[in-house]
Amino acid sequence: MVAWPMAHRSSTPARSAAAVAPARPGGYARRDVPESTPEFPGCRSVRITRDAIGDYEGRIEYWDAATETAWVACEPTTVYHEGPGQQLAGLLTRIAAVRGAPILTLGTADLLLRDARGERRRILQADQMVYLDPVETRPRGAAVEVGADHLPDVLLEVDYATDVRRGKLGLYEAWGFPEVWVEVPEGGSPRRGPGLTIHRLGAEGYGEVVASVALPGWTAAEVHAALNEPVLSEATRAVLERVGRALGAAAGTGPDDDPWLGAQRREARAEGHTEGWAVGRAEACVEMARAILENRGLAVSERLAARVAGGDPAALAAAASACRDEADLLARLDAGRGAGQRGR
C-alpha cells in the first residue's frame, strides 16, 4: 500500500463562503465561483460578445458573459508553452498501453459553465485535459459542461508567461476539478523557477501533494522531468511502466489488453516459441547422432554438431547406425542431401 503524503494548503485565492452545489457526475461537488474578480497576470482583456463566443476559434484563458470579456495571453504561442501538453499526451499513450485501457487527452477544449437559462456563463481553457476512463466519462458534446459532464481527472496548466495561481486555480477549485498540474517548463518562464506542482481537491479546497492520486505514484518531480526530456530516458520509461501497471492492477487489465501492444507481445511469444522449437529440434538431432556413434564405439569430434544439426532425424539415425565412422556418416548425409536436390 502506498502512503500518500498529507496535502498542505496551496496559494489558491480565498473563496467565498458559498453553499456547495449537488455533486456532479464523478462524485465531486461544484462550488459557486468566487465573487472577487480573478486575476490573469500575463494576459490582456478583449471584448467578445455572447453571440460571438460560440464561434470564436482563438485561445483564451477565461471568458465571462457578465462583462463579455475574455482574457488572452499577451505573448505569442511558443514551444515552451505548447510542448508540455503535447508531451503529456504522448507519455499517457505509453501508460495506457501498459495499463491495457485507453486514456483520452482533449487539449484546450472549452470548459463551460452555463447559467440557469442554459446560456454560456463562463468558459475556461486548460492546456491539456485528461480522462482516464473515456469510455464511461468522455464529454457528450463540443465542450466539457460543468455540472453535466464528468470533469477531467487531470488538468495541465503550463505557466510560461502567466500565473494560474492568481486566477484560474481558484476557478478550477470552485468548479470542482479534482486534480490540476501546474508546469513551469525548463528555461521557459521569466518569472518563476522551473518545476511542476500538483494541486489535489479536498474538503478544504486545493492542497499541494507530492504525487498524483489520479495517476497513482507519479510524483511531481517525475512528471516535470518527463515533460522536459527531448528523448525518453530509461528512468522515465520505468516510471511510465510503474504507473501503467498500478492503474492496470486496480482495473484488472494489463499490456495484453492493449490492441497494439497486446498484438506485439503475442507475436513475440509466437516467434520465441517457434525459434525455441527449432533450436530444441536441432539439439535433439545432434544428441541422437552422438549417442548412436558412441554406443557403437565410434569416435565423435566437435565438428559433428555443426554438420548434423537441423537434418532429417530419420535419415540421420539410419546413417549413424550404418556408417563406418564419423567421416562416413557425414558423407552419407551429404550424399542424401545431393540426391534430394537432384530429385526436385
Side-chain angles (χ1 to χ4, degrees), residues 87 89-103 135 215-218 222 225-226 229-344:
Q87 183 88 333
L91 296 169
L92 290 172
T93 298
R94 295 174 182 266
I95 288 175
V98 176
R99 175 199 189 188
I103 295 175
V135 175
L215 289 126
W218 203 4
E222 290 168 339
E229 285 182 345
V231 179
L232 186 71
S233 68
E234 178 59 28
T236 294
R237 186 209 61 77
V239 169
L240 300 182
E241 182 173 358
R242 186 191 75 212
V243 174
R245 290 194 178 279
L247 287 170
T253 56
D256 285 337
D257 296 301
D258 178 76
W260 183 83
L261 187 56
Q264 295 293 315
R265 286 162 62 90
R266 287 189 292 274
E267 181 178 336
R269 285 195 291 267
E271 290 177 353
H273 176 76
T274 300
E275 181 179 351
W277 183 87
V279 170
R281 180 177 181 272
E283 292 175 348
C285 287
V286 172
E287 290 305 314
M288 177 186 66
R290 187 187 303 276
I292 293 174
L293 294 177
E294 289 178 347
N295 286 336
R296 295 180 59 206
L298 302 177
V300 179
S301 70
E302 293 298 327
R303 65 175 182 162
L304 179 69
R307 295 291 301 276
V308 305
D312 177 63
L316 181 57
S321 299
C323 68
R324 296 185 301 275
D325 52 28
E326 182 181 297
D328 184 38
L329 166 64
L330 298 178
R332 290 170 181 265
L333 293 176
D334 290 340
R337 293 190 186 103
Q341 291 175 354
R342 289 192 298 273
R344 291 178 183 175

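Along the sequence shown, residues carry numbers from 1.
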- With Thr93 via side chain to side chain contact (heavy atoms under 4.5 Å, CB included) - residues at least two apart: none

- Stepwise, does the side chain to side chain contact (heavy atoms under 4.5 Å, CB included) test hold for Cys323 with Leu298? CA-CA 10 Å; Cys323 68; Leu298 302 177; 4.2 Å; yes

- Item | Partners meeting side chain to side chain donor-acceptor pair (under 3.5 Å) with Thr253 (sequence neighbours left out) | none

- Note on the structure: In this structure, CD1 of Ile95 is separated from CZ of Arg245 (nearest 0.5 Å) by 13.0 Å

- Correct closest heavy-atom pair for Leu247 and Pro216 would be CD2-CD, 3.5 Å

- Decide yes or no for Asp258 and Pro102: does some side-chain heavy atom of the first lie under 4.5 Å from some side-chain heavy atom of the second? no

- With sequence neighbours excluded, tell me which residues meet salt bridge (charged side-chain N to carboxylate O under 4.0 Å, His left out) with Arg237. Glu234, Glu241

- Query: Side chains of Arg99 and Val243: does their closest heavy-atom pair fall under 4.5 Å?
  - Reply: no

- Residues at least two apart in sequence or cross-chain that pass side chain to side chain donor-acceptor pair (under 3.5 Å) with Gln87, listed by chain then number, are none

- Message: Tell me if a side-chain donor or acceptor on Arg242 pairs with a main-chain N or O of Gly217 at a distance below 3.5 Å.
- Response: yes

- Item | Close side-chain approach of Leu240 and Leu232, heavy atoms under 4.5 Å | yes

- Tell me, which pairs form a side chain to side chain donor-acceptor pair (under 3.5 Å) where one or both residues lie in residues 288-299, sequence neighbours left out? none

- What pairs with Asp325 under salt bridge (charged side-chain N to carboxylate O under 4.0 Å, His left out), at least two apart in sequence or on another chain? none

- Glu222 and Thr236: side-chain donor and acceptor closer than 3.5 Å? no

- Within-4.5 Å side-chain heavy-atom neighbours: Leu92 and Leu215: yes

- Nearest heavy-atom neighbours spanning Gly244 and Val98: C-CG1, 3.9 Å

- For Ala320 and Leu293, work out which heavy atoms get closest and say how close. O-CD2, 3.9 Å

